[in-house]
Structures are given as C-alpha cells and as structure tokens.
Number of protein chains: 2
Amino acid sequence: MRRTKSESEETRQRILDAAETVFLDIGVSRASLDRIATEAGVTRGAIYWHFANKQELFSAMIERVHGLHQTVLTRSLLGAVDPLQGVLDWALDVIELFAAEAHTRQVYRIIVTRCEYVGEMQDALEWQSDLHERMATNFQNAFEAAAAAKQLAPDWSVKSAATTLECFMSGMLHNWLRYDFDAEVAEALRAGLRSLVGSFRVREAAAGA
Amino acid sequence: MRRTKSESEETRQRILDAAETVFLDIGVSRASLDRIATEAGVTRGAIYWHFANKQELFSAMIERVHGLHQTVLTRSLLGAVDPLQGVLDWALDVIELFAAEAHTRQVYRIIVTRCEYVGEMQDALEWQSDLHERMATNFQNAFEAAAAAKQLAPDWSVKSAATTLECFMSGMLHNWLRYDFDAEVAEALRAGLRSLVGSFRVREAAAGA
DNA sequence: CCCTTTACATACAACACTGTCTGTATATAT
DNA sequence: ATATATACAGACAGTGTTGTATGTAAAGGG
C-alpha cells in the first residue's frame, strides 16, 4: 500500500489537477474534499496527508502556476530604450503567457469566476493586488518616461494613459477568462493592444488620408 | 404579531438590505440564512416567508437594482448624430450611474467579488452576459457608423476599436469595484475615457507640438 | 533483516445549515 | 362579529461536510 516518494508526488499532482477540475466545475466553496478525492482517484485521507485543508489545497493550486506568472508579469519596464515600445512588449508577453499556458489560464479562470474574495481566500489572492499595484506603477513610470521624451500624444496625460491601459489589461483578462481563450480572440486583443499603445504615441504627421 | 401590508414590505426590504450586508461581508456561499435573519432583526421564518431560499433571495436582491441598470446600460447608440460622441456619452452615463448610486455599486460589487459563477448562480447572472453582448454589438455598430463617416482614425479597425473599448469598460468596473468608488478615481476614469474615445477619432491635422 | 516512518484508507463524532412543519396573534375581508 | 388568510417565530429532523483518530502495508534507513 505504501507508495514510493515519486508516486507520492504523483498523487499530490493528481490531487491538484482534480482540484482545478472540480473548482472549475462547481466553484471553490461547494467543492467538497470528498468530491475532489474521488476525482483524483484517492480518498480524503490522501488529501489531508498532503494538505492541511481545502484552503491550503487552494493556495497550493495557485502556487503551482505562480512562478510563470511572477517572472512574466513583474518584469520591470524601466530598462526599455523606447518606453512605449517597452509597455507594448510587456503587455504582449502577458497575452502570450495566457494564450500559451492552458494551466495558468485555468487557474486564473477559477480565481476570477469561481471563488469569493473573502476571509482566508482574500489572503490567498493577495498577490493579485500586489500584481495590480506593480502593474500600475510600472505603467506610470513608463508613461512618465515617454512624456519626458516628448513621445506622449498631447491628448493623453500620464495618469489617464496609465489608468486606461491598466483598465484595458484587466478588462481583457476578465472578459476573456469568463469563457476560454481561442486563437482568434487572442489575435483581436493583440491588434487592439497595438492600436491602443500606438494611440498614446505622438503622431508623426501625415499617415492619415 | 401579524404585521400590516406595509410593515411586511418593510421587513422584506430589511431582509434584502441585510442580505447585501452579509453577502459583502462573508460572501454569498458562506452566508447562512440565519446570519442574514439576525442581521435583519428577524428569524429564518420571515425569510422563508418572503423568499423560497437563498438563491431566490439573491435574485431578488439583484432585481431590486436591475431597473436602473437596464435603462442606462441598454440605451441604444444608433440614434446619435455623431457616433463617437454617442459612444462617449453612453460610457460616461455608465460611470455616472455607478458613481451616483451606492446601492447599485454595492450589488455589482457582490456580483464581481463575492459570488461564484456556477450552478444556479449562473442563471441569476445571465443578464450580465446579455449586457456584455449588447454592449459589444452597440460598440460594433457605432464604430461601423464612424468608419462609414470617415471619422475613425486609420490605425483603428472597427473590430479592434470595439474590443478595446469593451475591455476598457469592463476592466474599469472590475478594478473599481474591487475596492469602492471614490470621486477622485471617478474623475480619472472619465478623463481616460475621453482620451480613449478621442484617440479613435481621426486627427484634425495640427494640434500637436 | 528489523524497525521506524511514510502514505495513504477507513471509521467516527461533531457541527452547521437547510427545508419543513407547527404554532399563533392579528390584519383584513365579508 | 366571525372567519380566514397573513406574517411571521420557534421547533424539528435530516443531511452533507469537516477534522481527527486509528489502522495498515510497504518503503527506506541502519
């Protein structure tokens, strides 16, 4: 009956997979540990061995995809030679991450549409607030640099540009994750993003009709 | 013990108020009818008299603010003489609604951050999908009209402009409702919105440096 | 080869919440 | 004035879920 070390890790991963499935299916709060265990082909005993309770299982599920998230989303924008190009590249990377990594997408979808931001869940989701703040300050800095380089179009203030791009980014992810990604939608968003960032930049005369 | 008709309606409203409070406090799923009853100063008997169960209480809570929503958000954009101005007016009206009506804001906040989009909840929140679709088609139509009138800037396609504005609108509401509105944020969003819609419009030459 | 620890499965008690049923005082219709 | 329906309060059993406690077979170290 006793499993080897690697078999144990395998069950742990199966439990995490099952948690994702069940959470997506019926939501985090109604998901019983028994249902998750059955989905994983084990009993609740196995879950309680690997995790203290549902809360920690939830946190572990997030941690599993948090690494990719972190590296892509918190990359600083300060190094870019062209600040507006830097913002665009960063935003495109974010889209790329979600378009490519189905696992990340699924977990993020659970976070957005399948759990309540309350009690202990709020702690587990605190990194999301951090991320938003970091995104906001990054945008702020980039647009300030753009303004200093006279790159920012006259109808955009630093603040309104930063706010607008931030709203676009989170709205995009939310709208998208309400259903699921498909390649066509991803392309539409990339196009919208390019046009949006382009509209921040001061026009090079001509180009129009 | 028996209350008059108007007293009964008063308790019904108190129950709905209590539901909002408790839902916001601990989330929809963990909110017990007993807790809500206590908050309202009644017993579960009263709740079960006015509503069949928690699900219908939740729906009734939404219905209470749905009217305002409906009239403002589903106003057609087709009538506008200037399509881009029509879009801007509509979007500003939406901001206005949320900035002015604390009750609407609170309920929407519950919907966004305090419940899971699953099972019977999905039915109760179906109007939200309708709303998004209607918003999308409205934008699409408006930008098609703008393109036909040669008003749309050359770097924006109809589709990318519509997608971008839609993402901005929902991202704005989501980001905003994660906390609560304050007047300063509202003004920043209005500014961003004006600039965004302005960037859709074809430049009138000059204006730049 | 034995002993301890691991990696679970199984069993059990406790609780919170739900839906329903009954009780009841009073508004309201006749 | 009487009868009936109303607007609840209180009591009830039933259920699903949780945490823990115990059992156990095999892995891995000495």
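Each chain gets a letter, A, B and so on, in the order the sequences are listed, and its residues count up from 1.
No donor-acceptor pair under 3.5 Å is formed between the side chain of B:K159 and the backbone N or O of A:A191. Counting only distance, with no hydrogens or angles, the side chain of A:S32 and the backbone of A:R35 share a donor-acceptor pair below 3.5 Å.
Whole-Å rounding puts the A:R3 CZ to C:dC8 C1' distance at 6 Å. Atom CZ of A:R2 and atom C1' of C:dA9 are 15 Å apart (whole Å). The CD1 atom of B:I15 sits 12 Å away from the P atom of D:dA7 (whole-angstrom rounding). The distance between atom CD1 of A:I26 and atom C1' of D:dT17, rounded to the nearest whole Å, is 12 Å. Between the C1' atom of C:dA7 and the CD atom of A:E10 lies a distance of 14 Å, rounded to the nearest Å. Atom CD in B:E56 sits about 11 Å away from atom P in C:dG19, given to the nearest Å. In this entry the distance linking CG of B:L57 with C1' of C:dT18 reads 14 Å, nearest Å. The interatomic distance linking B:E7 (CD) with C:dA25 (C1') rounds to 13 Å, in whole Å.
If B:T11 and A:S29 are placed on DNA chain D by their nearest nucleotide, the residue sitting closer to the 5' end is B:T11. Nearest-nucleotide positions on DNA chain C for B:K5 and B:S32 put B:S32 closer to the 5' end.
The side-chain heavy atoms of B:S199 and A:F200, taken from C-beta on, include no pair separated by under 4.5 Å.
The shortest distance between the side-chain N/O atoms of B:T4 and the OP1/OP2 oxygens of D:dA7 is not below 4.0 Å. For A:S8, no side-chain nitrogen or oxygen approaches OP1 or OP2 of C:dT6 to under 4.0 Å.
Considering only side-chain atoms of B:K54, the nucleotide from C:dT18, C:dA25, C:dC8 that sits closest is C:dT18.
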Worked check of salt bridge (charged side-chain N to carboxylate O under 4.0 Å, His left out) between A:R64 and A:D17: CA-CA 10 Å; A:R64 199 160 63 141; A:D17 290 342; 2.8 Å; yes

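Going from atom NE2 of A:H50 over to atom OG of A:S8 covers 4.0 Å, rounded to the nearest 0.5 Å. Summarising the geometry, atom CG belonging to B:L193 is positioned 6.5 Å from atom CG belonging to B:L165; distances are rounded to the nearest 0.5 Å. Taken to the nearest 0.5 Å, the SG atom of A:C167 stands 10.0 Å off from the CG atom of B:L196.
The stretch residues 34-53 of chain B touches DNA chain D through B:V42, B:T43, B:G45, B:A46, B:W49, B:H50, each having a heavy atom within less than 4.0 Å of the strand.
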